[in-house]
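Structure first, commentary second.
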Amino acid sequence: AQSVAQPEDQVNVAEGNPLTVKCTYSVSGNPYLFWYVQYPNRGLQFLLKYITGDNLVKGSYGFEAEFNKSQTSFHLKKPSALVSDSALYFCAVRDGRNTGKLIFGQGTTLQVKP
Amino acid sequence: DGGITQSPKYLFRKEGQNVTLSCEQNLNHDAMYWYRQDPGQGLRLIYYSQIVNDFQKGDIAEGYSVSREKKESFPLTVTSAQKNPTAFYLCASSIGDEQYFGPGTRLTVT
């Protein structure tokens, strides 16, 4: 069965420092991977996706993610964090049965301190 | 959140009452989804619909019902059979790989 794990409940970084939010996955076949961000009491916003091609995917707001097949990981990164990046981040994988369904990780809270 | 509306933003109900959450999209998307979000548990899929007049149960469908009579609308009814209905409910739609989310409805049942 497809699954996604985000091993950290919370990540704390100082403004201006690089940030990484971790995600590992388990799928049969080729993975379709996504990152979403959620601000308090709001819906989720799409950040980026990996379907195929270059392992480094660039997305919205300066975020990027690195797909690593051997480690079954899809970590979210940003070279220089902003206080406004503080939010809840979700990694997701598409259900392999071509239904369009997404399976979400439990979420990681990113706290960027000034 | 553009293109998908959920109403109301906050909803309060007494235990034992059914309640219907609205979800409307003007994106002309075929597929629509309902998720439930609880702290520390991520999003769990309740129901989804890939086309009008058709829908399937997700992972936690018990105590919920849906309809898809129109392409743009996918209302969710939380019935009295749902044992723990207090949660944040998110609706989404998609065409292709990405899902687009509404702003959510926070339901509190007391």
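Each chain gets a letter, A, B and so on, in the order the sequences are listed, and its residues count up from 1.
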**Prompt:** Rounded to the nearest 0.5 Å, how far does OH of B/Tyr10 lie from CG of A/Asn41?
**Reply:** 4.5 Å
**Message:** Tell me whether the count of non-hydrogen atoms from other residues, nucleotides or ligands lying under 6.0 Å of CD in B/Glu62 goes above 12.
**Reply:** no
**Message:** Looking at B/Lys83, I'd like to know if its NZ atom is crowded, meaning that more than 12 non-hydrogen atoms belonging to other residues, nucleotides or ligands lie closer than 6.0 Å.
**Reply:** no
**Request:** Please examine the side chains of A/Phe104 and B/Gln37, heavy atoms only from C-beta on, and report whether any two atoms are closer than 4.5 Å.
**Result:** no
**Prompt:** Are there more than 12 heavy atoms of other residues, nucleotides or ligands under 6.0 Å from atom CG of A/Asn55?
**Reply:** yes
**Prompt:** Between OH of B/Tyr33 and CG of A/Leu102, what distance do you get to the nearest 0.5 Å?
**Reply:** 7.0 Å
**Request:** Indicate the atoms forming the closest heavy-atom contact of A/Arg42 with B/Phe88, along with that distance.
**Result:** O-CE2, 3.7 Å
**Prompt:** At a heavy-atom separation under 4.5 Å, does A/Gln6 approach chain B through its side chain, its backbone, both, or neither?
**Reply:** neither
**Message:** Report which part of B/Leu43 has an atom under 4.5 Å of a heavy atom belonging to chain A: side chain, backbone, both, or neither.
**Reply:** both
**Prompt:** Would you say B/Lys71 has more than 12 foreign heavy atoms packed within less than 6.0 Å of its NZ?
**Reply:** yes
**Complete:** CG of B/Asp97 to CD1 of A/Ile51, rounded to nearest 0.5 Å, is 4.0 Å
**Request:** Name the region of B/Glu98, side chain, backbone, both or neither, that has any atom closer than 4.5 Å to a heavy atom of chain A.
**Result:** both
**Message:** Are there over 12 heavy-atom neighbours, none belonging to B/Ile95, within less than 6.0 Å of that residue's CD1?
**Reply:** yes
**Message:** Take a 6.0 Å sphere around OH of A/Tyr61 and say whether it holds more than 12 heavy atoms from other residues, nucleotides or ligands.
**Reply:** no
**Asked** How far does CD of B/Gln99 sit from NZ of A/Lys49, to the nearest 0.5 angstrom?
**Response** 12.0 Å
**Message:** Could you check whether atom CZ of A/Phe63 has more than 12 heavy atoms from other residues, nucleotides or ligands sitting under 6.0 Å from it?
**Reply:** yes
